[in-house]
Amino acid sequence: RHTNTAPLPTYDEVLVCTPNTEEEEVELIVRRALASDSQNQKIYCLLGAEKLVYKVSKQLEYHFFRLLQSSTVPDYQFIIFCNAKVHNSYVITAFDTYKVTLPCYSATEIQAYLRTHLKVPSGMAPVAQAFEEPYQQSVKFIFSNQAGMGR
């Protein structure tokens, strides 16, 4: 559902997939989405799921449907984002019956939404200062080869 006031997802709600994404990472986010305490309005997402290798894609399908059968959560919120132009992805095939096309938003609408949600609250030092950069930005991506929460 689209609202201008809805918050951006938090770190535990999103998994950005690469060919190196491991089964454990995928299983963890599926477990979070289908856990009994997941009705806290979080929307769990896999981004770029078409990049998962075949073995991990099969495990995603297995874990999702196994946990779905045992879940007592009627209104889970789990979204798998895939590039529609990729036709040889197991994930796209496995979840094809659940496929929906998202509305297209203009670049201006997306920028306005992000501008609203990526502001540094007044009275707080911007994270960008920790990187000693001359410009003020409130978002910085840091990638690590080790998986973990906040590591």
Side-chain angles (χ1 to χ4, degrees), residues 1-121 127-128 130-131 137-151:
R1 75 203 137 204
H2 171 72
T3 70
N4 289 334
T5 58
L8 289 170
T10 59
Y11 71 93
D12 65 327
E13 294 175 77
V14 179
L15 177 61
V16 179
C17 299
T18 70
N20 298 321
T21 300
E22 297 179 3
E23 175 188 340
E24 293 80 17
E25 297 171 288
V26 170
E27 181 182 3
L28 180 61
I29 198 159
V30 172
R31 283 186 179 281
R32 286 181 187 149
L34 297 176
S36 59
D37 64 345
S38 69
Q39 290 181 298
N40 53 10
Q41 301 304 315
K42 289 189 174 189
I43 301 174
Y44 295 91
C45 309
L46 287 178
L47 300 179
E50 78 282 354
K51 295 175 186 168
L52 294 173
V53 296
Y54 179 77
K55 179 183 175 189
V56 176
S57 297
K58 288 283 290 180
Q59 291 302 312
L60 165 62
E61 178 186 34
Y62 169 76
H63 290 303
F64 177 79
F65 288 109
R66 179 180 58 85
L67 291 168
L68 184 61
Q69 287 177 348
S70 63
S71 178
T72 57
V73 180
D75 296 331
Y76 65 90
Q77 298 184 77
F78 184 62
I79 302 172
I80 302 173
F81 289 94
C82 293
N83 182 343
K85 295 178 183 175
V86 175
H87 298 291
N88 61 345
S89 167
Y90 185 83
V91 172
I92 293 173
T93 304
F95 293 92
D96 187 62
T97 57
Y98 298 96
K99 182 172 69 173
V100 295
T101 302
L102 296 175
C104 290
Y105 296 102
S106 71
T108 306
E109 291 173 303
I110 293 169
Q111 288 171 347
Y113 176 80
L114 291 175
R115 207 174 296 114
T116 301
H117 291 284
L118 296 179
K119 285 183 181 173
V120 176
V127 174
F131 297 95
Q137 66 187 66
S138 59
V139 175
K140 186 67 137 181
F141 288 99
I142 301 173
F143 293 93
S144 170
N145 291 330
Q146 285 190 315
M149 299 295 229
R151 291 185 195 165

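These values consider heavy atoms only, across backbone and side chains, with no hydrogens, waters or symmetry-generated copies. Positions are given from 1, in the same order as the sequence printed here.
- When each of I79, T21, I29 is checked for a side-chain contact (heavy atoms from CB on, under 4.5 Å) with L46, only I29 meets the rule.
- For the atom pair CZ (R66) and CG (L34), the distance works out to 10.0 Å, reported to the nearest 0.5 Å.
- In summary, of the residues considered (T18, L15, I80, V26), a side-chain contact (heavy atoms from CB on, under 4.5 Å) with L52 occurs for V26 alone.
- Separation of atoms NZ (K58) and CD (E23) is listed at 12.5 Å; rounding is to 0.5 Å.
- Expressed to the nearest 0.5 Å, how far NZ of K55 lies from OH of Y90 amounts to 14.5 Å.
- Across A33 and Q77, no two heavy atoms sit closer than the pair CB-O, 4.4 Å.
- In this structure, E13 CD and K42 NZ are separated by 5.0 Å, a value rounded to the nearest 0.5 Å.
- In this pair, F78 and F64 present their aromatic rings parallel. The plane angle is below 30°, not in the 30 to 60° band.
- Side-chain contact between R31 and L67 is present, with at least one heavy-atom pair separated by less than 4.5 Å.
- Separating the OH atom in Y76 from the CD1 atom in I43 is a distance of 13.5 Å, to the nearest 0.5 Å.
- Here the shortest heavy-atom pairing between A49 and C82 reads CB-SG, 3.8 Å.
- Distance alone, capped at 3.5 Å, is enough to place a donor-acceptor pair between the R32 side chain and the D12 backbone.
- With sequence neighbours left out, K85 forms a salt bridge (Lys or Arg N to Asp or Glu O under 4.0 Å) with no residue at all.
- Taking E50 as the reference, nothing meets the salt bridge (Lys or Arg N to Asp or Glu O under 4.0 Å) condition, with sequence neighbours excluded.
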